[in-house]
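Each ligand, and each atom within it, is numbered from 1 in the order the structure gives. Only heavy atoms go into these numbers, but all of them, side chains included; no hydrogens, no water, no symmetry mates. Sequential numbering from 1 along the given sequence is applied to the chain's residues.
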Amino acid sequence: MPLSDFLDGLKDNPYFGAGFGLVGVGTALALARKGAQVGMVFFRRNYMITLEVPSRDKSYHWLLSWITKHARHTQHLSVETSYQAHESGRVHTQFDFHPSPGNHIIWYGRKWIRVERTREKQMVDLHTGTPWESVTFTALGRDRQIFFNILQEARELALKQEEGRTVMYTAMGGEWRPFGFPRRRRPLSSVVLERGVTDRIVQDVKDFIGNPRWYTDRGIPYRRGYLLYGPPGCGKSSFITALAGELGYSICLMSLSDRTLSDDRLNHLLSVAPQQSIILLEDVDAAFVNPLAFQGMGRLTFSGLLNSLDGVASSEARIVFMTTNYIERLDAALIRPGRVDLKQYIGHCSHYQLAQMFGRFYPETPHSDGDRFAQDALSVHPEISAAQVQGHFLLHKTDPQGAINNVREIKE
Ligand SMILES: Nc1ncnc2c1ncn2[C@@H]1O[C@H](COP(=O)(O)OP(=O)(O)OP(=O)(O)O)[C@@H](O)[C@H]1O
């Protein structure tokens with residue numbers, strides 16, 4: 001049979017005709033899909049711009065706050081809880097809301113912008129030990145300026161939040177992360193220490209910050225160490241927070257009893273601490289009861305700590321504050337000059353402090369009331385902490401006479 005007759009025969013076959021039609025439709029669909037994909041890629045390449053910001057980038061956290069502000073109506077949030085328990089039993093908790101992973105649409109600069117926050121379950125950022133994250137901004141058009149504007153605005157927003165505030169950083173893996181929202185600066189006058197103590201330390205720190213040349217001319221590392229010691233609740237941490245506020249510095253808070261801390265990590269953290277910050281090592285005795293004992297605890301060694309402290313040097317003023325309730329437990333090598341240049345005992349309230357605190361809390365009362373309160377309180381409780389006194393005042397918020405008459409109850 002000639003070929004043309006054979007093909008005519010196939011055409012007339014109803015089964016074959018239907019199959020041919022299906023194949024045709026399938027092919028057309030596949031082609032259309034491919035075409036759409038290619039078209040989309042072409043469109044993306046030529047008419048859309050994207051910006052990816054990985055979580056390791058400095059602007060990542062600024063941008064999350066920016067997105068929170070602009071995606072105000074988003075119903076999909078994730079929470080970032082900052083929690084810190086101190087040896088003394090104090091606990092800080094803070095909840096920050098951010099847009100959850102997924103897509104968010106934002107109207108900005110007369111454009112719709114798609115913001116995609118992704119979190120990789122399989123990938124971990126080795127620096128911080130947290131899941132790898134990124135945000136990607138996609139906008140129509142080819143003008144990158146919009147991304148510059150967003151970054152700029154996010155930075156300004158973050159700086160504004162920090163204005164007049166003290167930023168607290170905490171160590172996350174190998175880097176410092178802001179912990180909670182920046183706090184309102186605490187005025188130095190709100191922490192009442194023994195007469196002359198505040199001035200002594202503030203003067204010393206200001207002299208240090210103001211005289212970098214003195215150090216460089218003599219080839220001395222530009223750093224200064226402070227140790228505040230004494231019973232709990234007497235104002236060590238509060239004073240350091242207020243001092244940071246006074247200087248316009250932030251605080252990098254670290255606990256040496258953190259078991260994941262190694263010599264290398266400590267060294268690294270101290271060398272990458274943000275500029276203009278006070279490094280605060282709280283409860284230093286907790287990790288170093290005895291230099292031999294902690295070799296089994298984590299991988300931080302006593303000599304590692306000493307090396308890290310000695311290595312802390314930069315052209316920026318580097319200030320390290322340590323606090324402890326038990327100075328007698330500290331190894332002499334840790335607190336020798338060069339590592340600790342100024343030691344200050346912050347003790348139980350003196351007559352002077354009690355009268356001052358009374359006057360600050362009840363400003364409308366005469367001096368003599370403050371004196372009477374101080375005298376009565378000390379006669380009943382010779383060793384009393386400022387935290388206890390503050391608690392007592394809070395019980396008698398609007399009743400100064402009640403605070404005086406009930407001094408016996410203070411410790412309860
Ligand atoms: N000298 C002080 N003047 C005013 N308030 C104080 C003073 N000392 C403590 N307080 C108040 O008591 C609370 C606890 O104080 P803070 O944490 O500063 O004590 P601390 O000495 O650092 O204690 P710890 O040794 O337990 O860390 C804070 O709320 C603080 O406001």
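Residue Arg186 places a heavy atom less than 4.0 Å from ligand 1.
Between the choices Gly233, Pro231, Gly230, Pro232, the shortest heavy-atom distance to atom 9 (C) of ligand 1 belongs to Gly233. The heavy atom nearest to atom 7 (C) of ligand 1, considering only Ala386, Ser385, Gly347, is found in Ala386.
Looking at ligand 1, you won't find any N or O of Met357 less than 3.5 Å from one of its N or O atoms. In terms of N/O distances under 3.5 Å, ligand 1 is approached by Gly235. In terms of polar-atom proximity, Ser238 is counted as a contact of ligand 1, with an N or O under 3.5 Å from an N or O of the ligand. Geometrically, ligand 1 and Asn325 share a nitrogen or oxygen pair separated by less than 3.5 Å. Annotation: Leu193 places no N or O atom under 3.5 Å from an N or O atom of ligand 1; distance criterion only.
Interface of Val192 with ligand 1, defined as ligand atoms under 4.0 Å from a residue heavy atom, comprises 1 (N), 2 (C), 3 (N), 4 (C). Taking every non-hydrogen atom of Ser190 and a distance limit under 4.0 Å, the qualifying atoms of ligand 1 come out as 3 (N), 4 (C).
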- [ ] Show your working on ring-ring contact (aromatic ring centres under 6.0 Å, His included) between Phe393 and Phe373 and close with a plain yes or no.
- [x] CA-CA 11 Å; Phe393 289 162; Phe373 170 77; 5.2 Å; yes
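Partner of Phe239 under the side-chain contact (heavy atoms from CB on, under 4.5 Å) criterion, out of Ile346, Val202, Val192: Val202 alone. Of the options Leu256, Ile279, Ile327, Leu309, a side-chain contact (heavy atoms from CB on, under 4.5 Å) to Met322 is made by Leu309 and by none of the others.
Within a 6.0 Å radius of CZ in Phe148, other residues, nucleotides and ligands contribute 12 heavy atoms or fewer.
Within the 4.0 Å heavy-atom criterion, the part of Gln390 lying near ligand 1 is the side chain and not the backbone. Residue Cys349 does not touch ligand 1, judged by heavy-atom distances below 4.0 Å.
Under a 4.0 Å N-O distance rule, the pair Lys206/Glu246 qualifies as a salt bridge.
You'll find the side chain of Val340 stays beyond 4.5 Å of the side chain of Leu334, heavy atoms only.
Side-chain atoms of Asp57 and Ser59 include a donor-acceptor pair closer than 3.5 Å. In summary, the side chains of Asn149 and Tyr108 do not present any donor paired with an acceptor at a separation below 3.5 Å, with no hydrogens or angles considered.
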